[in-house]
Structures are given as C-alpha cells and as structure tokens.
Undergrad: 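Shown below is the structure under consideration.
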Amino acid sequence: MLETKRPLSECTAFQDTSLVIAPRLLPWYDRHARELPWRKGPQKMRGSGDQRELAVPYHVWLSEIMLQQTTVATVKAYFLKFLAIWPTVEDLAQADLDQVLTAWAGLGYYARARNLHRCAQVVAEELDGIFPDNEAALLKLPGVGPYTAAAIAAIAFDRPAAVVDGNVERVIARFYALQDPLPGVKTEIRTLAAKQTPQERSGDYAQAMMDLGATICTPRNPACVLCPIQAGCLGREKGIAAELPKKAPKKLKPIRRAFAYLFRDEEGSVLLRRRAESGLLGGMVEVPSGSWGEAPEPERDRFLDDLGHWSLLEGQVKHTFTHFHFEISLLQAKVGKDEKEQIAGKVGGSWHVAEEFSGLALPTVMKKILYQAV
DNA sequence: AACGCGGGGTA
DNA sequence: TACCCAGCGTT
C-alpha cells in the first residue's frame with residue numbers, strides 16, 4: 001500500500017512553507033494512527049489511483065456525536081452496539097426514541113441521544129438518507145455544532161475544514177505558547193488552527209491532531225520527547241508546555257441531597273417512572289424521588305410519603321453530575337398485590353423486575369440506586 | 001457570554 | 001478521594 005502513495009514532496013500540502021505542522025504530523029500519523037471501529041486506515045489507496053478510502057458518513061457522524069465529552073475507550077462498545085442494532089441512518093430514524101435512550105444509557109449527556117435521533121430523522125426523511133458534505137449544511141443538523149460539522153466535513157468528505165476540539169486547542173496553545181486563558185483565547189486558536197489546516201489529506205490531518213492531543217500532547221505530563229512536532233513548538237522551547245492552555249478557575253460543586261422512594265412488591269418488582277423530556281436526565285427512567293435540595297438534610301416528599309409505610313435503608317448512594325454532587329438516601333416500602341396498579345397510577349410509573357433493568361433507559365445514578373437496594 | 005448537561009480516567 | 005476533561009443547546 002505504502003508504495004502506491006505519491007511522494008510526500010509532491011503533495012501541495014507540503015509545498016506551502018507556511019504549513020509547519022502537517023508535514024511532520026502526517027508521516028507520524030501514517031505510522032501511529034489508532035485502529036478505531038469508525039475509521040478507515042490513514043490514506044489507504046485503492047488500485048493505482050490516489051483516491052482515498054473515506055469512512056462512511058453515518059459512521060463518522062455517529063462516532064463524533066458519541067465522542068463529544070466522551071473518551072474513545074468508552075465510545076467503542078457503544079458505537080459497535082448502535083451499528084449492530086441500526087446499520088443505517090434510516091434504521092436509526094425509524095427507531096423509537098426510548099429504544100435509542102436505552103441503548104445510550106450510561107454514556108451521559110442524554111440530550112445528545114435525543115438530538116441524534118432527531119438528526120437521523122432529518123437526514124433520512126428530508127435529505128434522502130445522505131449526509132451533507134459541507135460544514136455549513138452539517139451545522140444546521142440537530143446536535144451538530146462547529147466542531148462536529150468540521151469533523152464530519154474533514155473525515156467523511158476530506159474537506160479542508162478546521163477541526164478544533166479540546167485536543168487541538170491544547171496542541172495549538174502549546175505549539176504557539178499562547179498564554180491567555182480559555183475560553184477567551186479560543187478565537188486566536190481557531191485562526192491559527194485554520195491556517196495550519198492543509199488542503200490535502202484534511203481528514204487525516206484532523207484525526208492526527210486529535211490523536212496527538214490524546215496520546216502525546218496530553219493534558220498532564222505531555223510526552224514531548226516523542227512528539228513529531230517538538231521542533232518549532234514554542235511551549236516546549238519555553239518549558240511551559242505542560243502548563244498550557246491556561247484556564248479560568250472553575251467553581252466548586254454544591255452537594256444536593258434527596259430521598260429515593262423504592263416501592264417494592266412481594267416478588268421484587270420496583271416502581272419506576274419516566275423523567276420529563278428535557279433537562280437533567282431528560283427522557284430517562286428513574287426511581288421516584290423527593291426534591292434534590294442543597295440543604296444539609298434531604299427533604300421528604302409529602303405525596304410519596306403518604307403512598308406507603310417507609311423504612312430507611314442503610315447507607316447512601318453518591319454520584320457526581322456535571323455541576324453538583326448528589327447524595328441519595330434510600331426509603332423502601334412494601335406494596336401489596338391489590339395496591340400495585342393504584343400506586344403506579346398515582347406515581348405515574350410502572351412495575352419492573354430486575355431482569356428488565358437492562359432493557360430500560362436507566363442512567364448510571366439510577367442503576368447505582370437499584371444495585372444498592374435490589 | 002454564561003450556564004446546564006454525565007460519566008470515566010488519573011494522581 | 002479529589003480532581004480533570006469537554007461540545008452543543010439554551011438563555
């Protein structure tokens with residue numbers, strides 16, 4: 001395969017002397033690119049021509065949505081599961097939202113799953129199942145922002161879009177020794193990143209930059225000695241690479257507390273209900289709970305209190321969300337056969353045995369509660 | 001521009 | 001255990 005490539009020196013990307021990153025980064029990527037389920041090999045050639053084998057747009061889109069705020073290691077299994085269940089964007093568009101949320105459970109940021117489903121429907125029903133091949137059109141799709149639009153344009157269609165995620169921000173901030181803190185310095189980073197984006201092998205370049213940030217130019221303890229662009233890196237020259245990019249101080253997370261109310265029947269079934277469509281854990285399944293307050297002690301829920309004879313279980317479940325810590329105290333009540341349906345109606349939920357849990361859209365915090373109590 | 005939104009990895 | 005990471009949509 002490698003012999004069929006044109007010499008690097010013939011690529012216009014390497015003749016432009018203002019490009020200081022791509023000429024060193026792409027050869028490194030050819031040797032070190034990670035094998036990922038949604039990725040074709042770097043610059044694989046077909047036959048004697050120079051046409052690249054590009055990844056399937058559906059695969060690129062699906063993986064990029066999952067990779068927002070989520071590590072490669074975590075995404076792999078979910079990506080393969082989604083592809084097994086829904087091989088095409090039309091399949092995904094025809095799924096029920098609840099099926100999608102169930103498959104997404106555990107990945108977090110559940111608005112991504114709702115937007116994923118909406119986006120699949122737009123592509124399948126309004127765009128003949130074909131993803132747009134340019135940044136501007138991609139940007140209009142639900143759940144597709146500046147990063148993802150650029151990533152799909154570059155990786156799926158080899159367009160010279162400037163792909164700037166957190167990894168690229170870090171690489172650029174260090175390479176140019178940008179001392180100003182994020183998020184203010186973002187505009188400057190984008191400008192420099194756009195200038196360094198080559199017209200050829202743009203998709204490989206985008207992935208190479210992100211691979212570099214994920215494996216060499218890491219947030220802490222960057223492996224500068226192994227870095228293909230260490231020559232010319234101002235952050236390394238000045239000995240400040242590891243401290244960049246600087247960031248505005250983050251605020252501390254408050255602790256919220258709540259009681260979870262576990263209605264149990266004689267056979268071990270638990271009463272679960274669906275959360276509101278939007279907001280925290282939107283559309284996901286939950287154990288009924290009282291209010292999630294910041295007071296030193298959790299608050300009992302009048303309405304739920306009256307529906308059973310409650311006993312406090314030992315221990316608390318702890319979970320951390322994006323912006324608060326959560327401590328849950330567990331209450332349990334036995335419900336007789338004859339009351340089950342009436343209580344389910346009042347609570348607005350339904351009864352489930354443990355064997356059904358894996359088929360429900362249960363976020364991690366709810367699994368923790370059920371695992372501890374059931 | 002600031003905030004809301006999960007979960008996993010590392011020191 | 002404490003801290004770190006990070007796109008999109010909404011406000």
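Chain naming here is simple, since letters A, B, ... match the order of the sequence lines and numbering starts at 1 in each.
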Undergrad: Are the ring centres of A/His323 and A/Phe321 closer than 6.0 Å?
TA: no
Undergrad: Could you check which of C/dC4, B/dC5, C/dG9 has an atom nearest any side-chain atom of A/Thr322?
TA: B/dC5
Undergrad: B/dC5, OP1 or OP2 - any side-chain N/O from A/His323 closer than 4.0 Å?
TA: yes
Undergrad: Using heavy atoms and a sub-4.0 Å distance, could you list which residues of residues 64-77 of chain A are near DNA chain B? By number, please.
TA: A/Gln69, A/Thr70, A/Thr74
Undergrad: Can you figure out which of B/dG6, C/dC5, B/dG4 approaches the side chain of A/Lys247 most closely?
TA: C/dC5
Undergrad: Counting heavy atoms from C-beta on, name the nucleotide in C/dG7, B/dG7, B/dC5 closest to the side chain of A/His319.
TA: B/dG7
Undergrad: Does A/Lys251 or A/Thr364 map to a spot on DNA chain B nearer the 5' end, using the closest nucleotide for each?
TA: A/Lys251
Undergrad: Kindly determine whether A/Phe263 and A/Trp310 satisfy ring pair (Phe, Tyr, Trp, His ring centres under 6.0 Å), including the steps that lead there.
TA: CA-CA 9 Å; A/Phe263 294 89; A/Trp310 298 99; 4.8 Å; yes
Undergrad: Considering only NZ, NE, NH1 and NH2 on the basic side and carboxylate oxygens on the acidic side, decide whether A/Asp165 and A/Arg170 come within less than 4.0 Å.
TA: no
Undergrad: Strictly below 4.0 Å, heavy-atom distances to any atom of DNA chain B: list the hits from residues 104-111 of chain A, or just say none.
TA: A/Gly106, A/Leu107, A/Gly108, A/Tyr109, A/Tyr110
Undergrad: Between A/Arg39 and A/Asp211, is there a salt bridge with N-O shorter than 4.0 Å?
TA: yes
Undergrad: If I take atom CZ in residue A/Phe324 and atom C1' in nucleotide B/dC5, what distance separates them, rounded to the nearest angstrom?
TA: 10 Å
Undergrad: Figure out the CD1/P separation between A/Ile152 and C/dG7, and round it to whole Å.
TA: 14 Å
Undergrad: Looking at C/dC5, B/dC5, C/dG9, which one has an atom nearest to any side-chain atom of A/Asn115?
TA: C/dG9
Undergrad: Does A/Thr148 put a side-chain nitrogen or oxygen below 4.0 Å from OP1 or OP2 of C/dC8?
TA: yes
Undergrad: Send over the distance from A/Leu281 CG to B/dG7 C1', rounded to a whole Å.
TA: 11 Å
Undergrad: Aromatic ring centroids of A/Phe79 and A/Phe82 under 6.0 Å?
TA: no
Undergrad: What integer distance in Å separates A/Arg112:CZ from C/dA6:C1'?
TA: 10 Å
Undergrad: What is the distance, to the nearest angstrom, from the NZ atom on A/Lys318 to the C1' atom on C/dT1?
TA: 11 Å
Undergrad: Separation of A/Arg118 atom CZ from C/dC8 atom C1', in whole Å?
TA: 12 Å
Undergrad: Is the ring pair A/Trp28/A/His32 parallel, tilted or perpendicular, if the boundaries are 30 and 60 degrees?
TA: tilted
Undergrad: Taking the P atom in each of B/dA11 and C/dA6, what is the distance between them to the nearest angstrom?
TA: 15 Å
Undergrad: Look at all strands and tell whether A/Arg114 reaches a base, only sugar-phosphate, or nothing, counting heavy atoms closer than 4.0 Å.
TA: nothing
Undergrad: Is a donor from one side chain sitting under 3.5 angstrom from an acceptor on the other, for A/Lys253 and A/His325?
TA: no
Undergrad: NA contact type, A/Pro183, heavy-atom cut-off 4.0 Å: base, sugar-phosphate, or nothing?
TA: nothing
Undergrad: Has A/Arg220 got a side-chain N or O lying under 4.0 Å from the OP1 or OP2 atom of C/dC3?
TA: no
Undergrad: Distance check needed: C/dT1 P versus A/His325 NE2, whole Å only.
TA: 12 Å
Undergrad: Treating A/Arg274 as the side-chain partner and A/Gly349 as the backbone partner, does any N or O pair qualify as donor plus acceptor under 3.5 Å?
TA: no
Undergrad: Any carboxylate oxygen within less than 4.0 angstrom of a Lys/Arg side-chain nitrogen, looking at A/Glu267 and A/Lys337?
TA: yes
Undergrad: What interatomic distance, in whole Å, is found between P of B/dG6 and the corresponding atom of C/dA2?
TA: 23 Å
Undergrad: For A/Leu252, does the CG atom sit with more than 12 other heavy atoms under 6.0 Å from it, leaving out its own atoms?
TA: no
Undergrad: In whole Å, I'd like the distance from the CG atom of A/Leu252 to the P atom of C/dC3.
TA: 9 Å
